[in-house]
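Chain letters run A, B, ... following the sequence lines, proteins first and then strands; every chain starts at 1.
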2 protein chains.
Amino acid sequence: MATGITIGEAARRSGCPVATIRYYEEVGLLRPAARSAAGRRVFGMPDIERLRLIRRLRTMDIGLDAVRELVDAMGRGGAACLDVRDMALAHLEAVRARRAELDALDRTLTRLTATCSAACKDGPDASCTIIADLIAA
Amino acid sequence: MATGITIGEAARRSGCPVATIRYYEEVGLLRPAARSAAGRRVFGMPDIERLRLIRRLRTMDIGLDAVRELVDAMGRGGAACLDVRDMALAHLEAVRARRAELDALDRTLTRLTATCSAACKDGPDASCTIIADLIAA
DNA sequence: GCTTGCTCCTCAAGTCGCTTGAGCATGTAG
DNA sequence: CTACATGCTCAAGCGACTTGAGGAGCAAGC
């Protein structure tokens, strides 16, 4: 057999931890792997590609349900790339919204810490409003 | 009694769901609330302020353990504002790191979707590399 | 007084996406 | 032949809640 990849090797090639690969199989993201005589999982290149794709989608914070839909759609061939693109576009919006939240948070934290640093530059000072500002914000 | 706030009212004033307030009490973030004759929780203004503060810290993605330390430190008065500032500064770094990740993701998604849109502008096209790009990335 | 409907209570279990651990079998290198 | 790494299964744990069941209390209108 040209391809006889163990789960550890699959983990190395895909970047997914071993336990995570087993978990993906358990929840149906991966079809049940073939087994060796001793009952060990044996993977092939298509499994590795699928894993790499799943992992890539997961690092984009795409939920497992959406990942499952996507990889299944791809498996059925055809117009999958448009589905992928639509998902990517929808996700892009979510990413931008989250980034805007983080920007706002950055500004808030910067302002709060600057206020405290100014009021307490010679040690804690009763005039420091950082806690009250946090409550009021 | 000037203050006799029900849990529903506390939820409205703090922005925390009712179930979350009970959960915070259960895990020790809030001291156990006083009870009415019928066994219902009765809150006062200090509880509401504490809740607002907790909620504010949580929207900053600060873990419950860190929140607990902070609100306890504040309860003990004194130099709490420096603790808060240090936490805020540490957290600011985490926020910026996460934002950088999202920026990278934004660029990736933008590039991928643009490629697909160009290749598939007249319908799905076999030359579209979005899926292969995802696997390879 | 009575009914309606909202709010409140407790306790248990479910969510998501894994991770960790126990306890055992198998494969590989020296 | 002996280590030791790697594999297996099953079960539980994580954070931070959320949801659901099953019941009691309370305020308002009739």
Side-chain angles (χ1 to χ4, degrees), chain A residues 1 3-30 32-44 47-48 50-71 91 94 98 101, chain B residues 1 3-30 32-44 47-48 50-71 91 94 98 101:
Chain A
M1 298 119 196
T3 55
I5 304 173
T6 66
I7 198 171
E9 187 56 22
R12 247 163 274 131
R13 294 202 202 177
S14 68
C16 296
V18 166
T20 303
I21 298 176
R22 284 197 278 249
Y23 169 75
Y24 286 162
E25 183 187 281
E26 187 191 328
V27 299
L29 263 173
L30 241 40
R35 298 295 182 122
S36 75
R40 301 192 163 192
R41 287 176 184 81
V42 178
F43 297 89
D47 299 311
I48 307 302
R50 194 174 168 108
L51 266 176
R52 289 176 63 83
L53 176 55
I54 292 168
R55 186 170 165 278
R56 183 79 184 128
L57 294 169
R58 287 294 302 129
T59 65
M60 294 180 184
D61 271 344
I62 293 165
L64 279 196
D65 284 352
V67 169
R68 194 179 346 246
E69 275 180 42
L70 279 171
V71 290
H91 195 59
R98 179 70 184 141
E101 285 176 19
Chain B
M1 297 121 195
T3 55
I5 304 173
T6 66
I7 198 171
E9 186 58 21
R12 246 163 276 133
R13 294 201 202 176
S14 68
C16 297
V18 166
T20 303
I21 297 176
R22 284 195 278 249
Y23 169 75
Y24 285 163
E25 183 187 281
E26 188 190 326
V27 298
L29 261 172
L30 241 42
R35 297 296 182 121
S36 76
R40 301 192 165 195
R41 287 175 184 80
V42 178
F43 297 89
D47 299 312
I48 306 301
R50 193 172 169 110
L51 266 176
R52 289 176 63 84
L53 176 54
I54 292 168
R55 185 170 166 278
R56 183 81 184 129
L57 294 170
R58 286 295 300 129
T59 65
M60 294 181 184
D61 271 343
I62 293 165
L64 278 197
D65 284 352
V67 169
R68 196 180 343 248
E69 275 180 43
L70 278 171
V71 290
H91 194 59
R98 179 70 182 141
E101 285 177 18

Are any of the side-chain nitrogens in R22(A) or E25(A) under 4.0 Å away from the carboxylate oxygens of its partner?
no
Here the distance between atom C1' of dA16(D) and atom CZ of R58(B), to the nearest Å, is 6 Å
Here the distance between atom P of dC10(D) and atom OH of Y23(A), to the nearest Å, is 17 Å
Quick note, V18(B) side chain, CB onward, closest among dC17(D), dG7(D), dC8(C) is dC8(C)
Value for CD1 (I62(B)) from CD (E69(B)), rounded to nearest 0.5 Å, stands at 11.5 Å
* Within the pair T6(A) and dG7(D), is there a side-chain N or O less than 4.0 Å away from OP1 or OP2? -> yes
Rounding to 0.5 Å, atoms CZ (R41(B)) and CZ (R35(B)) come to a distance of 4.0 Å
Rounded to whole Å, CD1 of I21(B) lies from C1' of dC8(C) at a distance of 12 Å
| said: Between D47(A) and R50(A) (salt bridge meaning N to carboxylate O under 4.0 Å), is one present in this structure? | reply: no
note: R55(A), atom CZ; dC18(C), atom P; distance rounded to Å ~ 11 Å
_Please confirm whether the shortest side-chain N or O distance from Y24(B) to OP1 or OP2 of dA16(D) is below 4.0 Å._
no
Give a yes/no on whether any side-chain N or O of R41(A) is located under 4.0 angstrom from OP1 or OP2 of dC8(D). yes
Overall bend of the helix from dG1(C)-dC30(D) to dG30(C)-dC1(D) (five pairs an end, 10° steps) is 10°
Between D65(B) and R40(B), the residue closer to the 5' end of DNA chain D by nearest nucleotide is D65(B)
Are the side chains of L64(A) and Y23(A) in touch, meaning some heavy atoms are under 4.5 Å apart?
yes
Nearest-nucleotide check on DNA chain C, R22(B) vs T20(A); residue mapping nearer the 5' end is R22(B)
Taking OP1 and OP2 of dG25(D), is either one under 4.0 Å from a side-chain nitrogen or oxygen of R35(B)?
no
* To do: Measure the shortest side-chain to side-chain distance between C16(A) and I54(A) over non-hydrogen atoms and say whether it is less than 4.5 angstrom.
  => no
Atom CZ of R12(A) and atom P of dA5(D) are separated, to the nearest Å, by 13 Å
In whole angstroms, the gap separating P of dT15(C) from CG of L64(A) amounts to 14 Å
message = Quick check against the 3.5 Å criterion: does R52(B) have a side-chain atom that pairs as donor or acceptor with the backbone of G15(B)?
response = no
When rounded to whole Å, the CD to P distance for the pair E25(A) and dG17(C) reads 18 Å
Under 4.0 Å, heavy atoms only, any strand: does A19(A) hit a base, just the sugar-phosphate, or nothing?
base
Taken to the nearest whole Å, CD/E26(A) to C1'/dT9(D) is 10 Å
